[in-house]
Each structure stands twice: as structure tokens, then as C-alpha cells.
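Chain letters run A, B, ... following the sequence lines, proteins first, then strands; residues in each count from 1. Keep in mind the model is a prediction, meaning the values are calculated, not measured.
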There are 2 protein chains.
Amino acid sequence: MSISTPAARNGRRPSVKDVAERAQVSLGTVSNVLNRPDRVSAGTRERVERAMADLGFVLNESARQLRMGRSNTFAYVMLDATNPFFTDVARGIELAAEKADLSLFLCNSDGRDARESAHLAHLQQQRVDGILITPVDPDAPELARITAQGTPLVIVDRANTAGAFCSVTVDDRLGGRVAIEHLVDRGHTRVAYVGGPWSLGQVRERWEGSRAAWDDAGLAEADLIHVATEALSFEEGRIAGERIAGLPRRSRPSAVFCANDLIALGLLQQVVSTGQRVPEDLAIVGYDDIAFAAGAAVPLTSVRQPRQSLGRTAAELLIDEVNNPDHEHQQVEFTPELIARTSTLG
Amino acid sequence: MSISTPAARNGRRPSVKDVAERAQVSLGTVSNVLNRPDRVSAGTRERVERAMADLGFVLNESARQLRMGRSNTFAYVMLDATNPFFTDVARGIELAAEKADLSLFLCNSDGRDARESAHLAHLQQQRVDGILITPVDPDAPELARITAQGTPLVIVDRANTAGAFCSVTVDDRLGGRVAIEHLVDRGHTRVAYVGGPWSLGQVRERWEGSRAAWDDAGLAEADLIHVATEALSFEEGRIAGERIAGLPRRSRPSAVFCANDLIALGLLQQVVSTGQRVPEDLAIVGYDDIAFAAGAAVPLTSVRQPRQSLGRTAAELLIDEVNNPDHEHQQVEFTPELIARTSTLG
DNA sequence: TGTCGGCGTTGAAAGGTTTCACGTCGAGAG
DNA sequence: CTCTCGACGTGAAACCTTTCAACGCCGACA
């Protein structure tokens with residue numbers, strides 16, 4: 001880099017004042033060029049623009065925000081940025097935000113309370129115009145505090161019990177139900193539900209739907225077992241696979257329903273690698289229908305969620321909340337859909 | 001929400017001034033409580049803290065930044081946020097940033113020049129302390145402009161031809177070479193390289209490495225063919241699979257080397273779903289060794305890159321560039337490693 | 001010739017924080 | 001009793017932008 005670059009010359013970045021000076025106009029005029037170019041005569045405008053280019057002027061967004069009180073930025077706090085489900089949701093948000101001329105920052109809470117809090121505090125301090133979040137706990141008082149302090153917040157893939165926020169969800173109980181009904185239809189009478197941690201509402205509700213469907217089918221309560229995992233990850237799926245393989249033959253299930261596809265894929269890999277056949281020895285149902293589900297060792301039956309629509313809708317709700325003075329909170333719920341593939345059909 | 005929340009009461013958020021007033025102290029003292037609590041007597045500190053809590057005070061980061069000139073924030077502009085390779089890299093960055101008490105914003109350029117520019121401009125205006133980026137084009141003059149204007153920038157998974165930035169890469173030519181050498185060792189004499197768009201350096205260099213290895217093996221140039229894709233995505237892999245299946249029998253390759261795992265997995269799925277056997281009818285090598293590679297329909301041979309280390313190292317270089325006055329640009333290069341699995345071993 | 005409207009430009013105020021040179025007060029030393 | 005010093009606390013300045021009331025100027029019109 002040349003030593004004569006503007007920033008290198010004196011360590012201070014050029015401000016509108018510097019531009020004004022060089023262009024022989026007042027401060028206000030530079031600002032006009034930036035924000036209402038039509039109010040400025042062509043000659044002056046040109047002079048100012050030349051000065052900006054010469055100096056390498058970059059507008060200071062902090063100062064603008066301070067003055068304007070808004071940032072034209074949304075943020076999405078993801079529960080797990082390495083899970084394709086959430087990156088697809090994020091993409092839906094990004095597209096909607098882009099259309100509305102908003103920037104979007106992504107943050108990853110990694111499923112940890114502490115990291116989530118840190119991100120939220122930081123975003124609030126940054127004065128983002130609104131926050132989208134898939135929270136660790138949708139009823140955490142912290143979320144209410146944030147809206148109370150003036151930052152609108154929309155919950156994605158969860159809902160607040162009291163309906164205190166806009167939220168967009170997919171009916172997880174129904175998702176659990178259709179998965180289990182499918183397995184019951186296929187003749188399974190002993191099934192494991194694989195998922196955790198229990199603190200995640202998604203995990204609980206899919207389980208509740210499963211249990212309800214199981215009861216409705218008149219099957220014995222004890223024959224729907226729960227295999228707990230520490231996280232909704234590929235690796236945890238593999239571990240769960242080992243645990244199931246280790247069960248005494250009599251109590252081993254003939255099918256598993258996994259709380260998400262990452263677990264299902266990890267479990268599938270473990271099962272296949274030990275020479276068992278899917279679905280003959282063990283049928284598997286996943287959840288999310290991420291792109292990899294169809295391409296797995298055995299194409300995976302999964303409960304599909306409208307991932308991108310989820311994100312888009314959430315962003316639209318947030319935009320409304322920010323702009324529309326008589327906005328009212330809405331709880332939008334999508335319907336999941338079972339996609340049956342080889343892992344249960346054989 | 002109760003109507004009596006601080007923000008609802010008058011539409012303006014409480015500032016240090018309001019806190020000072022309520023706590024009966026001066027402005028400066030509030031700031032001291034925030035930044036040098038030890039300089040404030042216990043009683044005063046307590047009074048100020050109580051006032052903050054009562055008012056629901058949230059520090060205005062824009063104002064602080066404006067005053068301080070730095071933001072304690074890094075940003076990573078990803079080439080494709082839905083590609084697990086990049087989310088793993090991002091995770092490496094995040095961990096290093098967290099350790100250094102920096103916030104990290106993720107942005108997704110989605111492989112598009114325009115989106116990348118928009119993000120960069122915005123980040124520069126936000127005065128982030130540094131930018132990490134996997135660029136569409138590492139030699140774009142825009143990148144040089146950004147550092148010239150005072151924002152340090154580190155390139156991830158690419159390198160600038162002129163060495164004008166710190167960068168962290170994995171030797172893509174070598175990666176291409178080991179992939180092809182492996183296939184040649186397995187006896188393949190007609191191979192397709194599947195990847196695109198050509199504008200991506202990763203795609204070009206893996207091809208160059210492949211070609212060099214192919215020549216070194218003394219095989220006919222015409223027998224290493226190139227099947228172009230529009231993107232490094234699962235879907236494009238599926239399409240490429242159809243194109244290959246559509247080739248006349250004589251010119252069909254016995255193995256493919258895909259520019260990344262997403263393509264390989266998409267292609268694998270297409271191939272398996274049409275009843276062909278892998279590797280007997282078609283051997284497949286991928287690139288990246290993402291977590292899903294091992295769990296695919298047929299466990300995928302792939303060229304492994306140290307994804308998380310890549311991110312961590314890049315972040316460390318950037319931290320040095322920001323803090324160390326006599327920082328010198330470095331080009332760090334990691335070595336890829338072939339992980340052989342069923343998709344080539346049978 | 002005097003008035004008026006409109007256009008282009010100006011300059012100061014405001015927005016919330018940090019910093020720093022300065023007060024103030026009380027205690028301990030001489 | 002005075003002086004010094006440390007511990008606490010103060011208030012103004014600075015950071016950079018946007019906004020807005022006001023101003024100067026010009027041509028048009030009465």
C-alpha cells in the first residue's frame with residue numbers, strides 16, 4: 001500500500017468536515033450531497049463528490065446512527081449456525097431483509113445461554129432496529145426486557161407462552177405425530193425417540209406429539225422409549241446409535257424417530273457402518289428434511305419444515321413491527337409434512 | 001408489556017445523563033461506574049447502578065464508538081453461509097474472537113459481487129475493527145481500497161496475488177493433485193473434474209493440480225474432462241450427475257473428482273438413485289471432508305481441510321494486525337489430506 | 001424601482017459517550 | 001494550625017453526522 005493513502009497520512013479518517021473544506025462548501029452541503037442530492041446544484045455536487053473520492057471518505061455510521069436513532073440493521077441470533085436448518089432459515093431472512101434494504105447480521109448462540117445473552121446485549125447496544133432469534137428459552141425474562149427497552153424482537157421456530165412477541169413456528173406436536181403415525185402404519189410396535197437436550201422446546205414438543213400419537217394408536221406406553229442426547233448434532237446421533245446397539249435384544253426398538261436430521265444422519269451412519277440394514281433392522285425418521293437427508297446412505301424419511309418461508313415470514317413480521325405504529329403481535333404457525341423415503345419404506 | 005416500561009413512557013431511551021440525574025451524580029461519574037468502577041466509592045457506585053436498573057439503561061454503542069473510534073467487533077463475510085465448510089471456518093473464527101473479547105458479525109455474500117460490496121461498505125461504515133473475508137475475487141481492487149482506508153482485512157481460503165493482505169489458505173493445487181493421484185492409483189484412466197464457476201480460485205486451482213498430476217501420470221490429456229457447474233451446491237451436483245449419465249457410453253468417465261463435497265454428495269445421490277453402484281460404476285472423490293461426507297449413501301472419499309484451524313488462524317492474524325504496530329503480512333498455507341473411504345475403495 | 005418566490009447554501013444545535021484537567025474534602029504529617 | 005496528599009467527583013470538550021431555520025441571490029412581476 002502506498003504510504004500516501006489518506007488514512008496513512010495522519011491516522012485520522014476524513015470526515016464530512018474535511019470534505020467540506022476541500023470542496024469549499026459548508027458541512028451541511030456535504031450532508032445534502034449524501035442524503036438529498038437533488039437539492040444540490042450539479043456543479044457543487046460534482047465538486048463534493050470529487051473531494052470525497054480524493055480523500056477516501058467513508059461515512060461514519062456510528063455518528064449517523066447516533067443522530068438518527070436507527071441503524072437500518074436487523075440481526076438474527078441463531079441457535080446453531082452449523083445446522084443447515086438454521087442456515088436455510090437465515091437465508092430466508094436475508095432475502096427479505098435485502099428486499100427491504102436492511103442489513104442483516106448473523107450471530108451464533110451455539111445453544112448456550114451465556115453466549116446468547118452476550119450477543120443480545122451487544123445488539124441492543126448497537127441499536128439494531130430489530131432482532132430475530134431462535135432462543136434457548138422463549139420464556140426467558142431477558143427477551144421481554146429487550147422489547148420493553150424498545151428493541152422489537154421476533155421469535156423464530158419457537159413461541160412465547162404468553163404471546164408477548166411475534167413468532168413463527170412449525171407445529172412440532174403435529175410433526176411428532178405424523179412421524180409416529182407413519183411408523184405405526186408401517187407396523188412398528190417398539191420405537192425410540194432420540195433427542196435432547198430436554199431444555200429445547202422443539203425436542204419436548206416433538207416428543208409430546210409422538211406420545212399422543214402412540215397413545216391414540218393404543219400401544220403400550222412403555223414401548224415408546226426415549227434416548228437422550230446432549231445436543232442435536234451429527235456426533236450425538238452416532239453416540240445414540242451405539243447406545244441403541246448396546247441395548248439387550250428384547251428391548252431394542254425396530255424404529256427410531258430422531259428430533260432432527262443431524263441426529264438421524266449420525267445415527268444412520270453408525271448403524272450402517274456396523275452392518276445393520278436400514279430399514280429392515282432399524283427404520284429411521286428424521287426431522288427438518290435438510291438437503292442432505294435425501295442424499296444419505298439410505299435416503300432419509302423426514303418431517304419437512306418450510307425453512308426459508310419461516311425466515312421470510314419472521315422478517316416480514318419484524319418489518320411490520322418496526323414500521324407500523326398499530327402493529328399487533330401475531331403467532332404464525334406452519335404445518336410440517338412427512339416425506340417418506342427408503343429409511344422407512346425399504 | 002406493561003405501559004409503564006421506561007421506553008414506553010416517553011419514547012426516548014434513558015442516557016447516562018438521565019442516570020446521572022436520578023443518582024444525583026455527574027455525568028462523568030456514571031461513565032466511571034461503567035468503565036473504571038474501582039475509581040468510584042462503593043456507595044456512589046451502588047446508587048448509580050440502582051438508577052441504571054430502575055431506568056432500564058442500555059449503553060448506546062454508537063455514541064461510545066463515535067467517541068472511542070473503535071468497536072471491538074470483527075466481521076466475517078462468508079462466500080456461502082449454507083455450505084458447512086464455511087460455517088465450520090466461521091466457528092473457528094468465532095472461538096478465537098470470543099477468546100479475545102471481540103464480537104463477531106457474520107455476513108453472507110452468497111457468491112455475489114454486489115452483495116459482497118454492499119456488506120463491505122456497510123461494515124466499513126460501521127467501523128468494525130477488522131474484516132475477515134472469503135472473497136469472490138481476492139484481487140478485486142475494492143479490497144485494497146478498504147485496507148488503504150484503514151480497516152485491516154484478512155483473506156480466508158484465498159490469497160491475494162500480490163501478497164497485499166494476510167491470508168490463510170489450504171494448498172488447493174496439492175489437494176487436486178492428491179485426489180487425482182489417488183484415482184490414478186486405483187486404476188482410473190478416464191476421469192471427470194466436476195466444478196464451477198470458473199471465477200472461483202478454489203475451482204481453478206484444484207483443476208490445475210488435477211491436470212498436473214494427470215500429466216505426471218503420463219495419461220492422455222483428453223481423458224481428464226471438465227464438467228462445469230454453476231455453483232458449488234448439492235443441487236448442481238445432482239444436475240452434473242445427470243449430465244454424466246447422459247454421456248455416450250464410450251466417453252463416460254469411471255471416476256469423478258468434485259470441487260467440493262456438496263457437489264459430490266448431490267452427484268452421489270443422483271447416481272445411486274438411478275441404480276448405479278459406487279464405486280464400481282463410478283468412483284467419487286469430494287473436497288472439504290465436511291461432516292456429512294462420512295455419512296453419505298456411500299461414505300465419501302474426500303480431501304480434508306483443517307476448517308476450524310483455518311478460521312482460528314485467520315482471526316489470530318487479524319488480531320495481530322489490529323494490535324501490533326509492527327505487524328507484517330503473512331501468507332499461511334495449510335496442507336490438505338486425502339481421506340479415503342468407500343466411494344473410491346469399493 | 002421595489003417586492004416576492006424559489007433555489008442553493010449556510011451554520012449552529014443536537015444526539016450520547018469518554019476523557020481529562022480541575023475542584024473539594026478530610027485525614028495525616030509536621 | 002497549616003500544609004500536603006489522596007480519594008472522589010465534576011463538567012466541559014470532542015467525536016461526526018443530520019436537520020432546520022435563516023440567509024443571500026436571482027429573475028420575474030407589478
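Rounded to a whole Å, the CE atom of B:M68 is 14 Å from the P atom of D:dC16. In this entry the distance linking CG of B:L55 with C1' of C:dG16 reads 15 Å, nearest Å. Between the CG atom of B:L27 and the P atom of D:dA14 there is a distance of 16 Å, given to the nearest Å. Taking atom NZ on B:K17 and atom P on D:dT10, their separation rounds to 15 Å, with Å as the unit. In this structure, A:R47 places its CZ atom 14 Å from P of C:dG8, rounding to the nearest Å. The separation between B:L66 atom CG and D:dA13 atom P is 17 Å, rounded to whole Å. Computed from coordinates, the B:D38 CG to D:dA7 C1' distance equals 12 Å when rounded to whole Å. For B:R36 and C:dT17, the CZ to P distance is 15 Å, given to the nearest whole Å.
Listed pair A:R13 / D:dC15 fails the phosphate criterion, with no side-chain N or O lying under 4.0 Å from OP1 or OP2. A close approach under 4.0 Å does occur between a side-chain nitrogen or oxygen of A:R64 and OP1 or OP2 of D:dT18. Put simply, A:N60 has no side-chain N or O that comes within less than 4.0 Å of OP1 or OP2 on D:dT17. A close approach under 4.0 Å does not occur between any side-chain nitrogen or oxygen of A:S62 and OP1 or OP2 of D:dC15. A sub-4.0 Å separation between OP1 or OP2 of D:dC16 and a side-chain N or O of A:S15 is absent. In terms of phosphate contacts, A:T44 brings a side-chain nitrogen or oxygen within less than 4.0 Å of OP1 or OP2 of C:dT9. Contact check, A:R67 against C:dA13: no side-chain N or O comes under 4.0 Å of OP1 or OP2. In terms of phosphate contacts, A:T29 brings a side-chain nitrogen or oxygen within less than 4.0 Å of OP1 or OP2 of C:dT10.
When each of D:dG9, C:dT17, D:dT17 is scored by its nearest atom to the side-chain atoms of A:F57, the top-ranked nucleotide is D:dT17.
Ring geometry, B:F165 versus B:H329: the interplanar angle falls from 30° to 60°, so the pair is classed tilted.
No side-chain N or O of B:E94 forms a donor-acceptor pair with one of A:N108 less than 3.5 Å apart. A donor-acceptor pair shorter than 3.5 Å can be found between the side chains of B:Q202 and B:D157. A:S31 and A:N35 share a donor-acceptor pair across their side chains, judged by distance under 3.5 Å alone.
Between the side chain of A:N160 and the main chain of A:A164, a donor-acceptor pair closer than 3.5 Å is present.
Nucleic acid contact class of B:V30 (heavy atoms, under 4.0 Å, all strands): none. Residue B:S41 is classed as a sugar-phosphate contact, given heavy-atom separations below 4.0 Å to backbone atoms only.
Toward the 5' end of DNA chain D, the nearer of the two residues B:A63 and B:R39, judged by each one's closest nucleotide, is B:R39.
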